[in-house]
**Student:** 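Questions regarding the structure given below will be posed in turn.
In listed order, ligands and their atoms are each counted from 1. Predicted, not measured: the structure shown is a model, and the values here were computed from it. Note that these values count all heavy atoms, side chains included, but never hydrogens, waters or copies made by symmetry. Count residues from 1 along the sequence.
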Amino acid sequence: MHQGPGTHLLNPKASFFLYGKALIVPTCSSTLSSLDVLSSCRRNRKEQKGSTSASYVRKHFCVPVIFGTSRSHCAPQLKAYFFLQVIHARRKFGISPPNISGPPEFERIFRAQVNSSEYFPIFVALLWQAGLFFHQGLAAALGLLYLYSRYCYFMGYRASSSDRLTPIYFSTGVLWVLIAAATLGLLHFFLSHYVGLNVLRLIAA
Ligand SMILES: CC/C=C\C/C=C\C[C@@H]1O[C@H]1/C=C/C=C/C=C\C/C=C\CCC(=O)O
Ligand SMILES: N[C@@H](CCC(=O)N[C@@H](CS)C(=O)NCC(=O)O)C(=O)O
């Protein structure tokens, strides 16, 4: 059995069930999904052979429960906050759809929300890939950093066009790290599975 990042993927079906939950449940409440993850923990623990319950829980569930629920729940809440801000700005400046132009104060808020939405699917897909194929703790930490920088981007852009630049540079950096982690994880998974080549060990050597 391979050790290191991606080890948990040796049973892809099980790992999708385990980690996929952290992304599939974002619309449910935090409490419900945490309970859900914990109860599936109990169910799956019984099905696992050859691992003690304590090490199994530590390995497979602590990080998803602590980081996974927070990372998947912050994202839709942040998106909801952004579009509520646009609704508020439309009312404030009297700009009804389908109009999208108006005073710069309105246009900046509108663009901050649209720009964030453009990147959101890329971000979620990369977060999922990096968490599943590379390292879930690292992916969760990067996910939280990304959400924080997107919040700073929105607030900066709302204030002035130039105030968006530092956070967009930062969030772009985080996205590139996620891209690298996802690509490495995918390479490692497929090459070790089908060719028997351990890319991560090769890089580390
Ligand atoms: C799958 C690939 C997806 C994403 C790749 C990652 C990032 C792509 C970059 O996010 C884009 C970031 C662009 C950042 C631009 C920052 C500043 C532009 C410079 C000056 C603008 C001057 C001005 O506003 O007047
Ligand atoms: N849709 C974006 C794609 C590129 C991008 O994300 N640009 C960053 C840095 S210039 C941005 O803040 N764009 C402002 C915006 O989308 O309103 C654009 O039109 O600019």
**Student:** What pairs with Arg158 under salt bridge (charged side-chain N to carboxylate O under 4.0 Å, His left out), at least two apart in sequence or on another chain?
**Tutor:** none

**Student:** Which atoms of ligand 2 have any heavy atom of Glu118 under 4.0 Å away?
**Tutor:** 1 (N), 2 (C), 3 (C)

**Student:** Minimum distance, heavy atoms only, to atom 13 (N) of ligand 2: which one of Asn115, Val114, Thr172, Leu165 is it?
**Tutor:** Asn115

**Student:** For atom 18 (C) of ligand 2, tell me which residue out of Arg164, Gln113, Arg111 has the closest non-hydrogen atom.
**Tutor:** Arg111

**Student:** Applying ring-ring contact (aromatic ring centres under 6.0 Å, His included), can you list everything that pairs with Phe82, at least two apart in sequence or on another chain?
**Tutor:** Phe154

**Student:** How about CZ on Phe120, more than 12 heavy atoms from neighbouring residues, nucleotides or ligands closer than 6.0 Å, or not?
**Tutor:** yes

**Student:** Which ligand 2 atoms, with their elements, are less than 4.0 angstrom from a heavy-atom of Tyr119?
**Tutor:** 4 (C), 5 (C), 6 (O)

**Student:** Nearest 0.5 angstrom please: Leu127 CG to Leu144 CG, how far?
**Tutor:** 9.0 Å

